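Here the structure is a predicted model, which is why all the values come from computation and not from measurement. Ligands are counted one by one from 1 in listed order, and the atoms in each one are counted from 1 as well.
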Amino acid sequence: MSKRVLITEPIIPSVIDKLKKRYQVDVGERGTYNNEQKLIDDIPAYDALLPMLSNPITEKVIAAGANLDIIANHAVGYNNIDLEAAQKYDVAVANTPDVLTDSCAEFTIGLMLAVSRRLVEAQKYLLDGKFNNWEPLGFLGKELNGSTLGVIGMGRIGTGVARRAKALGMQITYHNRSKVDSELEKQLDAQYCSTLQELVAESDITTLHCPLTEETHHLINEEILSLMPEDAILINTSRGPVVDEEALAHALHNETIGGAGLDVFENEPDLHPKLKTAPNCIRTPHIASASHKTREAIGMLAADAIIGVLEGQPASEIPNLIQP
Ligand code: GLV
């Protein structure tokens, strides 16, 4: 009997085909496995799980997976998986680092440009038929060139954003658990800020690239927002709960900050009602890694981890295992 793999949503077909060559593969319908009980009901039949970041892989789900050997998340972030439970039940966990760095970094720069030059608002104005004369004072925005970028979380994606921002003429400051190596600091001409307070106060644009943990939950709160310059822009392509959305919506509505570009939300797929109506805010549905090339690479990496574990490869030879 071949081993059984559950992919919880339709993903790029070449990835599904790769797994189908070796295993019996089932693919869930969109959204079905966002439900914990559905996962608990179905998981006993599978040896491997390839879930999305929207699927709650809780202790109950893992405990129900009597045959489960590996969970290979279709994402670099893995806050949807109870790692302690996976360890307790001896289930390996993998994520998809590196392959999405460029896509996410490019997208972040895209959001920075779109918010600072008011692209969405300007298009709406045009389509609403309001562009009837070229306006010397219309849609004045902020240039990235010469602005200061504050990067919170100088890991792979944060560094990718900083490199691109430097090429656009931005000054780079960053806040991280620790300083990055001095060679990288030199290349980026980056200044380390030991406090978040200092970083946001100095930054024209603050961009978030930290994982979601207990420490980073609501890292951007009312106090931090109040320290930002009044034309500051906040960009979030990390995880929604890093930002207190109520506080952000308040800051945007009261124009105590200049704008925001948000690809992630506290209660996805729901949007905070006050963020829906917030001015100078561009909202996208968690698509920073959504290029065809990257989504295929993400799937392939997850599939490789599944194959590695199910074929009994040594854990040290499976590069993207978070825990064996
Ligand atoms: C996307 O948000 C990811 O973590 O890959």
Using the salt bridge (charged side-chain N to carboxylate O under 4.0 Å, His left out) definition, which of the options E246, E245, E266 pairs with K274?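 Single salt bridge (charged side-chain N to carboxylate O under 4.0 Å, His left out) partner of K274 among E246, E245, E266: E246.
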
If you look at every heavy atom in N95 and A75, which pair is closest and at what distance?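 Minimum heavy-atom contact is CB-O, 3.4 Å.
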
Sequence-distant partners of K88, side chain to side chain donor-acceptor pair (under 3.5 Å), two or more places apart: E59

Parallel, tilted or perpendicular: which one describes the rings of Y192 and H175, with boundaries at 30° and 60°?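 Because their plane-to-plane angle is under 30°, the rings of Y192 and H175 count as parallel.
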
Excluding sequence neighbours, so at least two apart, what forms side-chain contact (heavy atoms from CB on, under 4.5 Å) with A315? L321, P324

Which residues satisfy the side-chain contact (heavy atoms from CB on, under 4.5 Å) test with T216, sequence neighbours excluded? C210, L212, T213, V242

Let me know which protein residues bring a heavy atom to under 4.0 Å of ligand 1; chain then number is fine for ordering.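 Within 4.0 Å of ligand 1, protein side: L53, A75, V76, G77, L100, R239, H286.
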
